[in-house]
Amino acid sequence: MNRGLLEARNLRMDYGVSGGFMDQLLGAKRAPLRAVDDVSLTIAQGETLALVGESGSGKTTTGRIITRLERPTSGSLLFEGRDVTALSGAALRAYRRHCQMIFQNPYESFDPRLTVGTSVAEPLRLQGIDSSAERRERVMAALDAVDLRPSSIFSNRFPTDLSGGQLQRVSIARALVLEPKLVVADEPVSMLDVSIRASIMTLMLKLQERMGLSYLYITHDLAVARHMSSRIAVMYLGTIVEEGPTDVMIAGAAHPYTRLLVAAVPEYRAGTRRSRIKTRGEAAASDAVIGGCRFHPRCPLAADICREVIPPRVNLAAGHFSDCHFAETVASRGLAVREPRVA
Amino acid sequence: MSRSVAIAKAVIGQPVTLVSATIVAVVSILAFAVPYLGLVDPEAMNALPSQPPGAAYWMGTDNFGRDILARIIWGARVALIVAIGSSALSTILGIVVGSVSGYYGGWVDSVLGRVFDIFLLIPTFFLVLLIVNLFGSNLGLTMFAIAITTWPRSARIMRAQVLSLKSRTYVQASLAAGASSWQALVSHVIPNGIAPLITDGAILMGLAILTEAGLSFLGLGDQNSVSWGRMIYEGQAYLRSAPWISIFPGVSLLILVSALNLLGDALNRALNPQIRARQRVARRRPPINASPEPAPVADDVILRVDDLVLTYYVGGREVRAVDGLSFALRRGESLGIVGESGCGKSSLGSALLQILPPNAVLSAGRIRIDGRDVVVDGRAVVERGQPRFQALRWTRVAIIFQSAMNALNPVFTVGDQLVRAYRLHRPKDGREKARQRATEVFEMIGIAPNRLGAYPHQLSGGMRQRAMIALSLMLEPKLLVADEPTTALDVLIQDQILGEIDALRQRLNLTLILISHDMGAVAETCERIAVMYAGKIVELASTAAIFERPSHPYTRALIAASPTLTKPRTALAVISGEAFHAGDVQSGCRFAPRCPMSQDICREKSPELLPVAGNQFAACHFASAVVEQPAGEMA
Amino acid sequence: MTHSSGADPCAVSLPVICQSRLNEKKFGQSMRLQKYILLRTIQVVLVVFVVIALNFVLIHLAPGDIGSILAGETADPEYLATVRSSYGLDRPLGEQLLRYFGRILTGDLGQSYRSHAPVLDVILPRIPATLLLVGTSLVISVAVGTLIGSLIAQKPGSWLDTTVSTLSVALFSIPVFWLGLMLILVFAVMNRWLPSSGMTTPGGVREGWPAVLDVARHLVLPAISLSAIWIGQYIRIAKTAVSEALSENYITTARAIGFPERDIVLRDALSNALLPIVTVFGLQLGLVLTGAVLTETVFSWPGLGRLIYEAILTRDTPVIIGAFILMSLTVGIASLATDLLYAVLDPRIAL
């Protein structure tokens with residue numbers, strides 16, 4: 001692996017520590033909600049890391065910290081070796097030249113009062129490109145790059161005139177107009193129709209190749225992650241429980257949660273009915289603080305040790321680790337051994 | 001742009017609003033032109049006192065012999081000055097404080113939030129009254145006093161706006177592009193947030209006018225200006241002898257304040273698409289009376305739909321959401337209905353349950369459930385004055401909605417809702433029996449019966465969906481329609497719920513219709529799949545046939561465009577063009593513009609759903625050619 | 001899917017202000033009720049403190065001598081001196097404020113300049129009459145308004161809806177005092193059907209059913225004036241709340257199950273619509289009291305409002321201030337009570 005473009009170390013994000021004015025008056029302390037708990041990750045130049053998890057897993061917050069829309073409670077963030085954890089003002093603005101974001105909901109991504117062209121030009125304007133001719137040229141080039149042609153016509157349209165797929169293309173154009181090195185894409189296709197998704201995903205891959213971009217691709221959908229990424233990190237309740245090369249994660253995951261996620265992807269399989277593995281309950285934020293492994297209340301393999309001891313990070317191969325007491329067993333035999341199957 | 005058009009439409013579109021706008025406009029012009037109109041001096045006591053309305057003095061004269069009409073016109077000036085002055089002051093103050101409070105949040109917001117709360121609880125009229133009482137009465141002070149009491153209202157609205165807007169993606173996007181929070185606030189949040197404040201301004205103006213009138217009526221009005229309130233105050237002593245002195249200013253107040261309030265409402269509607277979108281109500285087609293039928297012949301066809309057409313009335317246009325749909329289901333069968341948003345799959349679900357929104361109507365087709373016609377020629381069949389379907393609801397056909405969408409009533413316990421459904425259809429069975437049944441279905445679906453006492457919000461997403469399934473099973477229906485039952489649930493829970501639906505279907509020999517956008521989910525749960533595109537079934541076949549030898553280019557494209565865990569990681573097939581919108585007018589095959597195989601005939605002639613092989617049907621002129629292509633490849 | 005910008009979640013402009021409050025309450029789901037009550041009680045206390053402080057500031061800012069504001073412009077020098085020393089007007093401002101708070105919190109609202117009786121003694125006897133008027137009007141307006149509002153919510157856009165909605169706007173655009181005068185004109189002057197002023201017939205029976213009937217006859221016109229305006233408001237609020245509830249998914253579920261439409265509106269929709277109605281009710285009590293002052297003035301109803309009017313006429317500032325403080329306390333407590341009612345109605349607020 002070449003040198004990391006972005007390196008996040010032990011990121012933590014707590015919410016709701018301060019409480020309201022009245023709470024302070026009454027001396028009431030709210031328990032902090034730890035949305036992100038000790039997350040470390042590295043993204044190399046030109047690669048895509050997929051961050052996969054269910055709602056509430058902290059994947060979006062992690063993405064927002066990396067774009068520095070949020071400032072982490074603790075931990076550090078290095079971009080090309082420089083510390084960007086606590087930047088503000090002009091320095092933060094300069095960082096944003098290199099790191100951009102694509103958001104989930106294309107319908108809400110644009111100020112309804114502004115034309116698409118104005119919205120795409122906004123980053124340029126904010127980054128001090130004052131010549132309107134240059135701005136226009138770069139906006140047109142960006143719209144052209146995302147296949148919104150003729151770009152001069154699209155740039156004068158209002159967001160309400162465009163479809164979801166077209167809007168998401170504009171989002172990509174806006175994110176790329178500054179020619180960043182890293183793009184955080186937060187579920188960019190989850191709100192689009194199936195027939196539109198493939199075209200957006202293909203476009204993102206094409207642009208990555210052309211511009212040498214790195215992506216942090218946030219998704220709940222393993223099939224999409226598999227298609228987009230070279231590595232996958234799985235988050236559960238604020239922390240990364242397993243990370244590894246994409247193919248290994250799909251075929252030979254070493255954490256029961258990853259195994260369950262893979263098993264739960266509904267898919268047509270010729271001639272067979274897939275057997276379902278029964279899981280217990282649903283992710284509850286309180287599971288993160290009960291002690292032991294935070295997945296044990298739902299884990300089909302949970303043993304006494306899981307309830308008592310926080311699992312160590314088990315390195316299975318270069319670039320593949322799992323936070324599970326039984327990582328090796330799971331990696332070699334999956335979940336099949338212990339769990340009775342349910343039709 | 002579009003907003004001003006919407007406002008203009010709202011004002012002109014409705015007679016009431018048009019009249020209100022005209023009144024406000026005329027009064028404003030009068031009020032500001034009055035010094036130049038050369039009217040009679042409102043203070044001049046030229047006429048005989050207390051003359052009734054007549055030719056010389058249209059509204060009569062007051063007890064001092066002053067012309068009431070002239071005084072009314074001058075009074076309009078006072079009313080509008082107070083209204084504009086105080087509402088402008090209040091709105092500006094509200095925008096500033098509300099924006100700061102909402103945007104910066106944290107302790108700033110908590111402190112300001114308390115201030116608003118406190119101000120909202122102060123009986124403001126008494127504060128105004130005290131201020132005017134202490135400081136003497138003049139118009140400027142009155143305006144100021146009114147604004148002091150109304151600004152927290154404006155600030156609160158602005159704060160709520162800012163709170164909802166600042167998390168909007170486009171504000172986040174602006175921040176991510178490098179904007180400072182101040183830049184984002186000024187260039188995106190405030191311009192998009194002030195609309196409701198402006199409309200509320202009209203209502204504030206009405207409130208200010210009434211407040212000023214009230215103060216004047218208590219004798220606290222400005223002694224040097226003619227105000228309608230003061231006219232009533234002065235006239236009340238002559239109520240018996242010269243009622244017109246107080247009648248006309250009151251009527252003026254009523255008209256102007258009503259006009260302002262109605263205008264404010266109309267502007268609010270115009271700027272609020274949720275209200276604007278109130279659709280025309282479709283005219284219900286008359287029902288068909290049928291004589292009671294003998295018990296139907298034992299037939300295992302549970303559902304038969306023939307040539308069903310469902311029309312929506314959207315903004316004066318007719319849109320066929322379901323356009324000539326036919327299929328049949330036997331007892332115990334499972335059919336998946338797959339399609340993208342807007343293809344009509346959910347409308348079909350509502351049509352089967354006869355729960356169409358007010359702007360939709362079945363305009364043709366027949367629905368036969370368990371051997372009985374419930375819809376013929378798009379019209380409900382009525383037997384002995386009762387729609388025949390009513391007796392089949394929930395006892396033969398039940399539906400499961402996406403439960404994250406508030407499908408259960410939040411103020412009743414889940415158990416109550418189950419029991420109530422049971423007792424509606426089996427009133428003779430008694431409460432105890434209904435409870436027993438509720439316990440039974442809860443156990444069946446794997447929830448502890450003690451959760452029957454829980455309110456929906458006390459259950460997790462997956463539990464709520466299970467409760468919804470339990471509700472659907474209360475009366476042992478034969479046909480279950482599941483409309484996106486797992487959308488919005490987490491991946492693992494989705495899998496569990498689908499598994500449970502599948503298991504129940506087999507155990508209870510249910511007939512299942514699963515409506516979903518997810519090919520994979522449907523593939524694992526259903527034996528047959530109907531693929532919908534633009535209101536029509538384009539392909540209907542067994543699950544294996546759909547995936548292994550699809551015979552419609554759309555089916556083929558959808559499969560090739562979906563990433564999976566098992567297919568080789570090759571490039572995804574891209575379907576060109578934009579999704580079909582219900583209401584697009586287009587002759588021939590509706591998929592033709594996006595179809596890689598389309599020929600001239602496709603643009604001219606609409607293909608019918610015809611058998612391709614065995615039980616496989618497709619609506620494509622080239623179905624037999626498509627089916628020959630190897631799966632997973634596009635032409 | 002159309003997403004618009006400044007879309008505001010409320011259908012009519014009045015509940016806009018309440019909606020944000022509602023949302024806050026929903027957010028506070030997990031908040032324990034005891035804590036909520038405690039917070040709200042503190043808030044009521046704060047309101048009263050702010051009102052007292054406001055009074056203090058206003059008195060000091062007002063033109064003219066503070067002593068004569070409090071004692072009355074024509075007070076004799078001896079009384080003026082008493083007032084000056086009891087308020088500590090020669091002391092530093094901070095101490096004056098503290099003394100002021102101290103006095104008011106011990107129930108000493110000063111002396112009426114007109115009657116020289118303690119303000120509290122002047123105000124308290126007036127409260128029952130106001131309660132009777134306001135209570136009657138509120139019950140009528142909430143009941144009638146909610147009923148009519150729920151009815152028209154079922155047929156949005158129909159001519160009935162348009163007509164009733166327009167009329168309801170007109171209703172609350174009427175100046176309440178003028179409506180009172182017009183009612184007097186029609187029902188007491190032109191036709192002598194009902195009494196036009198006071199609460200009892202002078203020299204009439206003072207006990208038993210005839211006395212009750214007498215008060216009831218006097219109550220008719222003022223109660224109609226006051227409730228007419230609020231009927232208009234509650235029609236609007238109920239219509240918005242019910243039609244919003246009717247567009248919820250649980251209503252579709254109820255329809256699919258087959259419940260008759262009447263059940264759906266009255267049980268499923270109204271049970272949810274009551275929540276915003278209650279919120280608005282709590283927020284508007286202050287305005288209702290405003291209407292009461294004006295109505296009582298017109299009908300010479302011997303309540304607090306009439307007292308305030310008389311105090312204005314005689315520039316009896318201590319009485320006005322006392323009434324203001326008392327009104328604030330009343331509105332605060334009533335709003336607290338409404339919040340409790342809300343908690344009872346909404347299971348999402350944990351008990």
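Chain letters run A, B, ... following the sequence lines, proteins first, then strands; residues in each count from 1. Given the structure is predicted, the values throughout are model-derived calculations rather than measurements.
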Problem set entry | Passing candidate, side chain to side chain contact (heavy atoms under 4.5 Å, CB included) with B:Phe125, options C:Thr290, C:Leu287, C:Leu289 | C:Thr290

Problem set entry | Reference residue C:Val169; test side chain to side chain contact (heavy atoms under 4.5 Å, CB included); the match among B:Val257, B:Asp265, B:Ile203 | B:Asp265

Exercise. What residues, two or more places apart in sequence or in another chain, satisfy side-chain contact (heavy atoms from CB on, under 4.5 Å) together with B:Tyr238?
Worked result: B:Asn63, B:Ser241, B:Ala242, B:Ile245

If you tally heavy-atom pairs under 4.5 Å against chain C, which of [options] wins?
options: B:His425, B:Gln354, B:Gln417; value: B:His425
options: B:Val16, B:Leu353, B:Ile122; value: B:Ile122
options: B:Pro456, B:Gly214, B:Ser20, B:Gly219; value: B:Gly214
options: B:Ile209, B:Leu210, B:Ile194; value: B:Leu210
options: B:Phe389, B:Phe412, B:Trp228; value: B:Phe412
options: B:Val397, B:Leu262, B:Leu424, B:Ile355; value: B:Leu424

Largest heavy-atom contact set with chain B, pairs under 4.5 Å, which of [options]:
options: C:Leu61, C:Thr162, C:Leu345, C:Ile59; value: C:Leu61
options: C:Ala334, C:Ala323, C:Gly332, C:Ser271; value: C:Ser271
options: C:Thr317, C:Val44, C:Val331, C:Ile312; value: C:Ile312
options: C:Asp268, C:Thr252, C:Val51; value: C:Asp268
options: C:Leu179, C:Asn272, C:Val50, C:Val298; value: C:Asn272

Is a side-chain N or O of [X] found less than 3.5 angstrom from the main chain of [Y], in a donor-acceptor match?
X: C:Trp178; Y: B:Ser246; value: yes
X: C:Glu248; Y: B:Asn406; value: no
X: C:Thr253; Y: B:Leu408; value: no

Could you grab the distance from atom [atom1] of [X] to atom [atom2] of [Y], nearest 0.5 Å is fine?
X: B:Gln236; Y: C:Ile184; atom1: CD; atom2: CD1; result: 8.5 Å
X: B:Leu253; Y: C:Ile174; atom1: CG; atom2: CD1; result: 11.0 Å
X: C:Arg255; Y: B:Ile399; atom1: CZ; atom2: CD1; result: 13.5 Å
X: B:Asn409; Y: C:Arg267; atom1: CG; atom2: CZ; result: 8.0 Å
X: C:Asp346; Y: B:His457; atom1: CG; atom2: NE2; result: 7.5 Å
X: C:Ser173; Y: B:Leu260; atom1: OG; atom2: CG; result: 8.5 Å

For this session: Begin with the C-alpha distance, continue with both residues' side-chain angles, and end with the deciding distance and a verdict on side chain to side chain contact (heavy atoms under 4.5 Å, CB included) for B:Phe126 and C:Ile320.
Result: CA-CA 8 Å; B:Phe126 301 93; C:Ile320 300 181; over 6 Å; no

For this session: Take B:Phe217 and C:Leu181 through the test side chain to side chain contact (heavy atoms under 4.5 Å, CB included) and record every step on the way to the result.
Result: CA-CA 12 Å; B:Phe217 181 73; C:Leu181 286 178; 4.3 Å; yes

At a heavy-atom separation under 4.5 Å, does [X] approach chain B through its side chain, its backbone, both, or neither?
X: C:Met182; value: side chain
X: C:Thr163; value: neither
X: C:Ile251; value: neither

Any side-chain heavy-atom pair from [X] and [Y] closer than 4.5 angstrom?
X: B:Pro123; Y: C:Phe324; result: yes
X: C:Leu58; Y: B:Leu127; result: yes
X: C:Ile257; Y: B:Arg420; result: no

So what's closer than 4.5 Å to chain C heavy atoms on [X]: side chain, backbone, both or neither?
X: B:Met474; result: neither
X: B:Val411; result: both
X: B:Ala398; result: neither
X: B:Leu220; result: side chain
X: B:Tyr233; result: side chain

For this session: Is it possible for you to check whether B:Arg393 lies under 6.0 Å from the centre of the six-membered ring of C:Phe259, through NZ or CZ, and within 45° of that ring's axis?
Result: no

For this session: Decide side chain to side chain contact (heavy atoms under 4.5 Å, CB included) for C:Val293 and B:Leu218; before the verdict, give the C-alpha distance in whole Å, the side-chain angles of both, and the deciding distance to 0.1 Å.
Result: CA-CA 9 Å; C:Val293 173; B:Leu218 292 177; 4.3 Å; yes

Exercise. Closest approach of C:Ala256 and B:Trp394, non-hydrogen atoms and distance?
Worked result: O-CE3, 3.6 Å

Only pairs under 3.5 Å count here: list side-chain donor-acceptor contacts from residues 128-136 of chain B, not counting sequence neighbours, and write none if there are none.
none

